[in-house]
Amino acid sequence: MKAIKFLLVALPFIFSSCSKGGDTPAPNPPTPPTPTEATIAFTVDKDPGAGSILGVVGTSQLIVVKVTSALPAAGVTVNVLVTKDADNSSVFSTSNSSVSADNNVNIAGLTPGVLCTATVIVTSKSTITNTKSVTFKLAAK
């Protein structure tokens, strides 16, 4: 009987001292790669090219800014600024948010015989460093 009492007292200590070596922390799941945005690329349908001047009939000109890269999920901002070459004063300025590849911009306020520079800047709304610009000359006739 004395041996059974000793066994009953000793059993909890025996079982508590035996373990599987401790729990190891759960491994951290690998971080999924962050998807990168495609570099902004676009064309302007009326861009005459370097060294050429777009001749505008009248005082306004419709241009289409076509984003040719994959559109960012949040969309893009299309900025157009037209300044007079003579004094760098602003003739036209607009900023449009878009989730479309084709963006119509009607440049207005051109004066016949005045040479201007148009700057078109397309920027990703989710990654502001993802931007591209195109500059071209234009003049109303």
Side-chain angles (χ1 to χ4, degrees), residues 2-141:
K2 197 173 192 184
I4 293 176
K5 285 183 183 179
F6 178 74
L7 189 59
L8 290 175
V9 171
L11 276 177
F13 292 107
I14 293 171
F15 286 118
S16 66
S17 66
C18 295
S19 70
K20 59 181 179 177
D23 292 334
T24 57
N28 291 334
T31 306
T34 305
T36 56
E37 245 177 31
T39 302
I40 294 289
F42 70 94
T43 59
V44 178
D45 69 333
K46 302 294 183 189
D47 183 356
S52 298
I53 299 170
L54 173 65
V56 177
V57 177
T59 58
S60 64
Q61 176 65 53
L62 177 67
I63 63 171
V64 179
V65 179
K66 183 176 182 74
V67 179
T68 56
S69 61
L71 279 168
V76 294
T77 303
V78 178
N79 293 305
V80 179
L81 175 65
V82 180
T83 56
K84 293 179 187 176
D85 283 10
D87 60 5
N88 231 13
S89 62
S90 179
V91 173
F92 175 82
S93 178
T94 188
S95 180
N96 300 317
S97 292
S98 176
V99 291
S100 174
D102 292 338
N103 300 279
N104 296 332
V105 178
N106 190 34
I107 298 172
L110 300 172
T111 305
V114 176
L115 183 62
C116 296
T117 299
T119 304
V120 180
I121 304 170
V122 177
T123 305
S124 166
K125 291 182 81 176
S126 54
T127 308
I128 60 170
T129 56
N130 190 4
T131 186
K132 182 181 178 193
S133 66
V134 169
T135 302
F136 60 94
K137 301 283 186 184
L138 70 157
K141 295 181 181 181

Roughly how far apart are L71 CG and K125 NZ, rounded to 0.5 Å?
12.0 Å

Nearest heavy atoms of N130 and A38, plus distance in Å
ND2-O, 2.9 Å

For a quick test of reading the model, state the closest non-hydrogen atom pair linking L62 to N106 and the distance between them.
N-OD1, 3.6 Å

So does T83 get a backbone contact from the side chain of N88, meaning a donor-acceptor N/O pair under 3.5 Å?
no

For a 4.5 angstrom cut-off between non-hydrogen side-chain atoms, does V114 reach V91?
no

Okay, side chain of T117, backbone of D85: is any donor-acceptor separation there less than 3.5 Å?
no

Could you walk me through whether N79 and L81 pass the side chain to side chain contact (heavy atoms under 4.5 Å, CB included) check?
CA-CA 7 Å; N79 293 305; L81 175 65; over 6 Å; no

Taking the six-membered ring of F136 (Phe, Tyr or Trp), confirm whether the NZ or CZ of K46 is under 6.0 Å from its centre and within 45° of its axis.
no

Ignoring hydrogens and geometry, is there a side-chain-to-backbone donor-acceptor pair from T59 to G109 under 3.5 Å?
no

About how many Å separate OG1 of T129 and CD1 of I40, when rounded to the nearest 0.5 Å?
10.5 Å

Between S89 and D87, is there a side-chain donor-acceptor contact under 3.5 Å, judged purely by atom types and distance?
yes

Which distance, rounded to the nearest 0.5 Å, do you find between the OG of S60 and the CD1 of I107?
9.5 Å

Can S124 and S126 be counted as having a side-chain donor-acceptor contact under 3.5 angstrom?
yes

Is the backbone of D102 close enough, under 3.5 Å, to the side chain of S100 for a donor and an acceptor to pair up by distance?
yes

